[in-house]
There are 4 protein chains.
Amino acid sequence: MVPVTEHDSQSRSFIEEARRTQIVHAAVETIAEVGYHRASMGRIGTRAGISRGLISYHFAGKAELIAQVVTTVYTDAAAFMAPMIAAETTPAGQLRAYLRSNLEYMRAYPARMIALVEILTGGGLSDLPDTDPAAFDRQMLLPLEQLFTAGQESGEFRDFDVTVMARIVRGVIDAVPTALSRDPGLDIDRYLREITTAVDHATRPVPSTTEEP
Amino acid sequence: MVPVTEHDSQSRSFIEEARRTQIVHAAVETIAEVGYHRASMGRIGTRAGISRGLISYHFAGKAELIAQVVTTVYTDAAAFMAPMIAAETTPAGQLRAYLRSNLEYMRAYPARMIALVEILTGGGLSDLPDTDPAAFDRQMLLPLEQLFTAGQESGEFRDFDVTVMARIVRGVIDAVPTALSRDPGLDIDRYLREITTAVDHATRPVPSTTEEP
Amino acid sequence: MVPVTEHDSQSRSFIEEARRTQIVHAAVETIAEVGYHRASMGRIGTRAGISRGLISYHFAGKAELIAQVVTTVYTDAAAFMAPMIAAETTPAGQLRAYLRSNLEYMRAYPARMIALVEILTGGGLSDLPDTDPAAFDRQMLLPLEQLFTAGQESGEFRDFDVTVMARIVRGVIDAVPTALSRDPGLDIDRYLREITTAVDHATRPVPSTTEEP
Amino acid sequence: MVPVTEHDSQSRSFIEEARRTQIVHAAVETIAEVGYHRASMGRIGTRAGISRGLISYHFAGKAELIAQVVTTVYTDAAAFMAPMIAAETTPAGQLRAYLRSNLEYMRAYPARMIALVEILTGGGLSDLPDTDPAAFDRQMLLPLEQLFTAGQESGEFRDFDVTVMARIVRGVIDAVPTALSRDPGLDIDRYLREITTAVDHATRPVPSTTEEP
DNA sequence: TATGAATGAGCATTCATTCAT
DNA sequence: AATGAATGAATGCTCATTCAT
């Protein structure tokens, strides 16, 4: 869940890595601020304080830069969330930790999460020729699916389609950055509490004395 | 003399209206297919089988065209959903009808819904100078909020923040087009059933003999 | 407005002539208001209250319309000025009448004169393929040249190059519309008085007891 | 007119400056040849032998380029004329030097002067958002007004409205480029002599034994 | 006669990318 | 490693003109 690629961090010099990191961060901030399709190489370079050409020197093209942004933020978010989730011992607890850690990450690094959502929903993925959106989709859903399956087996969750429920939860979470940008006064703690309760109710076993219409 | 057909005074604007509709439809399909920020006037014109200039002839600018797409799809979806919701007599039933009609609309006109979501999440709203994203946000949430408030007063819904719950439901629904495009084999009926059940559980009153962690 | 051309006024119907006149007037007003190179056929048509296509129906192209504007205004101004000049019996008096009648025309029909100057100085002439700017130039200068030659022969004017002096006088007059637009508070009567005096001094015979430096 | 050989530490911006100068010169020549409103970025680029995009790289927009053309030519002309005027000790001599140096500049750099007049009279000024035509107007007239006022105080000039006389002189001078382009065989030396004499007569004190009609 | 739908060329501008230094 | 000059494609838009009705 945590490390994504270790492929060639050795083949790059330290300064090379530092520059790439700097550029990726500038890209994140630029995308978060002006939106994905307005984040040109020039604007990213300006924010990084470097020339346009240097970005092309360190990245094969815009696609690689965007892909790196996605990978970096996703990996970083996963590294942030993983210990909080792992600290829980039950699937239900882990689900709550998943929600909590995800929103905490958004609170801590709003630009990163906004940038990620911008790319994922703003057409950025289709600009990445080597990326399979379906594969990325499955990768996003898999942890939740595994969590749900475990919880169903232990009886903590009711019987539902784990993939659909994973999409439901991702949908709820992915709506948060947009909600935050549209309503800046939104209380993220309250939001988290409401979401957690709602998801809890949606997943927990149905009491035996319940009639469905 | 002038009028040729029996349409008389409307025959003048009939062609105009037809063309506008045709262009809006071409825009919808183009946006749904290639994404909002790749849907140039040229591509839309090509899909409509007309020249670039003709779009500018019928629409003052791209902003007006996109605004028309948003308005058209939104209005059309509302007209599609409204009777299905109104047919229900209870807030809980209306909520289920809201979900069902929304997904039915997506099934019937997937391109329209994909295009709308592309524009709303893909930075399109900020390209519309006269549009207030926050106002649009409230407009989207309002029907759900009213529905929830009514349900809480009637005791059909538990006590939750109606705005947050509205955002939750919208988040779940807005994730559907993406899910459909990423997983074409997705069974929309099953999806709808699962969503309905989940939202039902998330909103209904908590049985008295329940302990919260 | 006086009949301008009689070459084919017979071949055009009355309504045809009326339309052409209306369009020419709309062109004059549009050019005077927004400048020559912003005066599109569309804007001219809008001001005339007719469709774009109708202008093309009545004029072979924009060039013919502009040429007609030039011809109309020039002829109209000449018809306005001619009797005032003819009423004077001496070349010096006619020169003063030339200046006075020209500025009176500007005061009476500022839009026409502004439009004419816009076209002549704003590159409009070079848009007219069939027009020889040099010939137009000579046509503009000829009356003044004849006037000066007559005055020199009668001893009312000193000995100067009549063509250059004609250009001088035209230069002074053609600067008036720009001056009026740049300084709206300009007193045209005072302007006329100063110009008349200056031109009078510049053209009259030098007193015998005059030393040149 | 700009110092050229100083590169060294300025060598970084030297290329930049050289390109800007080259582009400005290409713009001057293009405007002088085809007129202001036909001088597109493409044509200017073609004349400069560079791509369209490079102009946008060096100038923020067409407005900045045109403004630079105006500033460059105006400053250049002023630098050319100033020493010739300053060499004269009397207002009347300075006025003659003003005329002479201005026409000498036109003879030396006809394209520049034609371009400037094209922009000023061809609607170019109104395309420059930050420019106040009235202020530019006053700036053009001021030196002449000051010169006239000094001459009136010293008794070298008669009593006339200095602003109107400044407009008269500018009108006479501004008519020269058009005259040159319409009549290529025009003898500029003779033109200058005639103009100088005419302006001299128009401004000098009236001999006491003069009768006005 | 008159309309307005429709076209295609041209415009200024932005952008990702390449390349010599 | 890094710069910034340079290109060419693409975009939204305006416009003169044509044409069916």
Side-chain angles (χ1 to χ4, degrees), chain A residues 13 15-16 18-19 37-45 49-63 65 127, chain B residues 1-5 11-16 18-20 37-45 48-66 127, chain C residues 13 15-16 18-19 37-45 49-63 65 127, chain D residues 11-13 15-16 18-20 37-45 49-65 127:
Chain A
S13 73
I15 192 165
E16 162 91 15
R19 269 281 188 242
H37 85 279
R38 283 209 188 97
S40 68
M41 300 288 261
R43 268 194 265 263
I44 293 170
I50 61 174
S51 71
R52 279 188 296 269
L54 190 53
I55 302 182
S56 293
Y57 178 80
H58 286 288
F59 293 90
K62 193 176 189 182
L65 171 56
D127 289 346
Chain B
M1 294 222 290
V2 179
V4 181
T5 69
S11 62
R12 180 77 43 89
S13 67
F14 175 73
I15 292 181
E16 163 88 19
R19 267 286 189 239
R20 282 178 66 97
H37 87 277
R38 278 215 187 98
S40 66
M41 302 285 264
R43 265 194 266 263
I44 293 170
I50 59 175
S51 71
R52 230 161 326 160
L54 189 54
I55 304 181
S56 291
Y57 177 79
H58 286 287
F59 292 90
K62 192 175 189 182
E64 199 207 322
L65 172 56
I66 298 303
D127 290 346
Chain C
S13 73
I15 192 165
E16 161 91 16
R19 269 285 188 237
H37 86 278
R38 283 210 187 93
S40 66
M41 301 288 263
R43 268 193 266 264
I44 293 169
I50 60 174
S51 71
R52 280 187 295 271
L54 191 52
I55 302 182
S56 292
Y57 178 80
H58 286 287
F59 293 91
K62 193 176 189 182
L65 171 56
D127 289 346
Chain D
S11 64
R12 177 77 44 86
S13 67
I15 292 180
E16 163 87 17
R19 267 285 187 239
R20 282 177 67 97
H37 87 278
R38 277 214 187 98
S40 67
M41 302 288 262
R43 265 194 267 262
I44 293 170
I50 59 176
S51 71
R52 231 165 338 187
L54 189 55
I55 303 182
S56 291
Y57 177 78
H58 287 288
F59 292 90
K62 192 175 189 183
E64 198 208 323
L65 172 57
D127 290 345

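Within every chain, numbering begins at 1; the chains are lettered A, B, ... in the order of the sequence lines, protein sequences first and strands thereafter. Excluded from the calculations below are hydrogen atoms, water molecules and symmetry mates; all remaining heavy atoms, backbone and side chain alike, are included.
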Legend entry - Nucleotide-level pairing of DNA chain F, given in dot-bracket where Watson-Crick and G-U pairs need both distances under 3.5 Å and | marks other strands: .||||||||||||||||||||
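The residue Ile50(B) sits close only to the backbone: its heavy atoms come under 4.0 Å of sugar-phosphate atoms, none of a base. At a threshold of 4.0 angstrom between heavy atoms, the contacts of Ile15(C) are confined to the sugar-phosphate backbone, with no base atom among them.
Nucleotide dA5(E) holds its P atom 13 Å from the CZ atom of Phe14(B), rounded to whole Å. Rounded to an integer number of Å, the gap from CD1 of Ile55(A) to C1' of dG4(F) is 13 Å. At whole-Å resolution of the value, CZ in Arg20(B) and P in dA6(E) are 13 Å apart. Taking atom CZ of Phe59(D) as the reference point, atom P of dG4(F) lies 18 Å away to the nearest angstrom. To the nearest angstrom, C1' of dC13(F) lies 14 Å from CD1 of Ile44(B). Remark: P of dC11(E) and CG of Asp127(D) are 15 Å apart, rounded to the nearest angstrom. Glu16(B) places its CD atom 5 Å from the P atom of dA5(E), with the value rounded to the nearest Å.
When all heavy atoms are compared, the tightest approach of Arg52(C) to Tyr57(B) is NH2-CE1, 3.1 Å. Across every non-hydrogen atom of Gly61(B) and Met41(B), the tightest pair is C-CE, 4.4 Å.
At the phosphate of dA6(F), OP1 or OP2 sits under 4.0 Å from a side-chain N or O atom of His58(D).
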Inset, instruction - Test side-chain contact (heavy atoms from CB on, under 4.5 Å) on Lys62(A) and Asp127(A) and set out the steps. - result: CA-CA 9 Å; Lys62(A) 193 176 189 182; Asp127(A) 289 346; over 6 Å; no
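Under a 3.5 Å cut-off, the side chain of Arg20(B) and the backbone N or O of His58(B) do form a donor-acceptor pair.
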Inset, instruction - Encode nucleotides 13-21 of chain E as B, S and - characters from 5' to 3', where the letter depends on protein heavy atoms closer than 4.0 Å: B to the base, S only to sugar-phosphate, - to neither. - result: SBSSBB---
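Among the nucleotides dA2(F), dA6(E), dA6(F), the one closest to the side chain of Arg19(D) is dA6(F).
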